[in-house]
Each structure stands twice: as structure tokens, then as C-alpha cells.
Amino acid sequence: DTEVTQTPKHLVMGMTNKKSLKCEQHMGHRAMYWYKQKAKKPPELMFVYSYEKLSINESVPSRFSPECPNSSLLNLHLHALQPEDSALYLCASSPLAVSGNTIYFGEGSWLTVV
Amino acid sequence: AQSVAQPEDQVNVAEGNPLTVKCTYSVSGNPYLFWYVQYPNRGLQFLLKYITGDNLVKGSYGFEAEFNKSQTSFHLKKPSALVSDSALYFCAVNKEGYGGATNKLIFGTGTLLAVQP
């Protein structure tokens, strides 16, 4: 079972709403990630945090705003989203943000933008 | 540039038969290779990885994969398929020394495994 916990599991929001996705891990990992996944497609990297600092932003639109309050928590703040942003959002963590480290994924948050 | 290819969109196999899900990669330098499985409406689960050492890697749920440097392949195998193995399988790669604080995985397009009873 995954040790990366994501809430909520499902979220429906209007295009003018502000909402947040939350992620928590207690494995002592110092790297955390947000991925976006469309149905039957591979995950696409959005953000990487290393030691609570943003180290990669894959040119994600500013309507997605990540936050890492501490080494165990990762949030994704959502505002003024578009219907095409509807997807599965996966949080993940790894011991370090160094190649070769295994990335462990949560179960995801299903987002529907109406 | 790094890339991963999974040449089969779908693999069909009868329960009890051996299964193979193919993956080839393109990386300059030493590759780190991963397999993940995604069951319907779930997140990705880590199965196994190759970093260095023995070319045959054993992982979760009876799966194994063989690293073949000359063929740049990392095929996933299981001796006897179960219906419960039916899922979407992703191969992924990054490389030794890539970037700084990045650990950016490059995923293949995925292979849907269907095991018939």
C-alpha cells in the first residue's frame, strides 16, 4: 500500500473556484512531486520540491500554485482552472531528488472542472 | 535526449501463460530503469528498478525484468500470468548523474496488459 496520502480523492470545481489538493508522506522523504495524468496516458511532471524548495516547474500555468509547508506536506492550489485541466493529479515522493531514487506515488486526486 | 518506447499498446495473454511487456530506451550514459503498474482508477505502484549490477531484477508480485545493454531493452516478465495482473504498465528511465535536484523520470506511453481467464 502507498504511504503517500492524497486528499480529496475526488474534486469537482467551477472555473471561478479556488480549491486545494493536499498530499502527505511520513517516509522521511525530502523530495516531493506533482504529476498530472490524463486517461490512459503517462504521468506528466508538473513540479519537483527538494528540501521544501521548488527545484523544477515544468512551465505549468500560474493557475496551478504549489506549496510545500514542511518536509511531509505538499499542496497544490487551484484557481481559475479550465475544463482541459480535468485529470488525475498524482502526488509522489522519493528519498532525495536524485536520479535513481525510487519515486512512490499516491492514489491521486480526480479533478473535474465544470 | 532520453526516451522510452513501449512498442505495444496492448498485450493479451491467457492466465497461466508467461507474459512479456516490452520496453526499449535511449539514454546517453548509464540508464536507471523503472517499471510501474497502474490498476484502474488507482495511482502508480512501483514494481522494480535497475540501477547497476545483476541484469536480472526481481520485483513485486512475481515480476522480473532483464536489462540488456546491447539491445537497450528492459522487458518486464512474469512466468505465469494472473487475471489480477491486468493493468496498465509503464516503463520509465532517467540516467546516472542527471541534473541536480531533479530526479526527472521519462515515461513510456504505457502498455495495457489483459489476462484472460
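Chain identifiers are assigned alphabetically (A, B, ...) following the order of the sequence lines, protein sequences preceding nucleic acid strands; residue numbering begins at 1 within each chain.
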Between A:Glu107 (side chain) and B:Gly43 (backbone), is there a donor-acceptor pair under 3.5 Å? yes
Between the main-chain N or O of A:Asn101 and the side-chain N or O of B:Asn103, is there a donor-acceptor pair closer than 3.5 Å? yes
Going by the ring-ring contact (aromatic ring centres under 6.0 Å, His included) test, which pairs reach into residues 67-96 of chain A, not counting sequence neighbours? A:Phe64-A:Tyr89
Taking ring-ring contact (aromatic ring centres under 6.0 Å, His included) as the cut-off, I'd like each qualifying pair that reaches into residues 35-58 of chain A, sequence neighbours left out, listed once. A:Tyr35-A:Phe105
Reported OG1-to-NZ distance for the pair A:Thr102 and B:Lys49, which is rounded to 0.5 angstrom: 3.0 Å
Look up atom CG in B:Leu105 and atom CD1 in A:Ile103, then write down how far apart they are to the nearest 0.5 Å. 4.0 Å
Would a single hydrophobic cluster contain both [Y] and [X], if residues Ile, Leu, Val, Met, Phe, Trp and Tyr are joined by side-chain heavy-atom contacts under 4.5 Å?
X: A:Met32; Y: B:Leu44; result: no
X: A:Leu88; Y: A:Leu111; result: no
X: A:Val48; Y: A:Met46; result: no
X: B:Val93; Y: B:Tyr50; result: yes
X: A:Val4; Y: A:Leu74; result: no

Tell me, for B:Gln38 versus chain A, whether the close heavy atoms (under 4.5 Å) come from the side chain, the backbone, both or neither. side chain
Name the region of B:Tyr36, side chain, backbone, both or neither, that has any atom closer than 4.5 Å to a heavy atom of chain A. side chain
Chain A contact residues among residues 6-19 of chain B, heavy-atom distance under 4.5 Å: none
Chain A contacts: which residues in residues 72-90 of chain B have a non-hydrogen atom closer than 4.5 Å to it? B:Leu88, B:Phe90
Look at A:Lys41, A:Lys40, A:Gln37 and state which one has the largest set of heavy-atom pairs under 4.5 Å with chain B. A:Gln37
Can you tell me if NZ on A:Lys9 sees more than 12 non-hydrogen neighbours from other groups inside 6.0 Å? no
Any chance CE of A:Met27 has more than 12 other-residue heavy atoms, nucleotides or ligands included, within less than 6.0 Å? yes
With a 4.5 angstrom heavy-atom cut-off, is it the side chain or the backbone of A:Glu58 that approaches chain B, or both, or neither? side chain
On a heavy-atom basis, the closest approach of B:Thr109 and A:Pro42 is O-CD, 4.0 Å
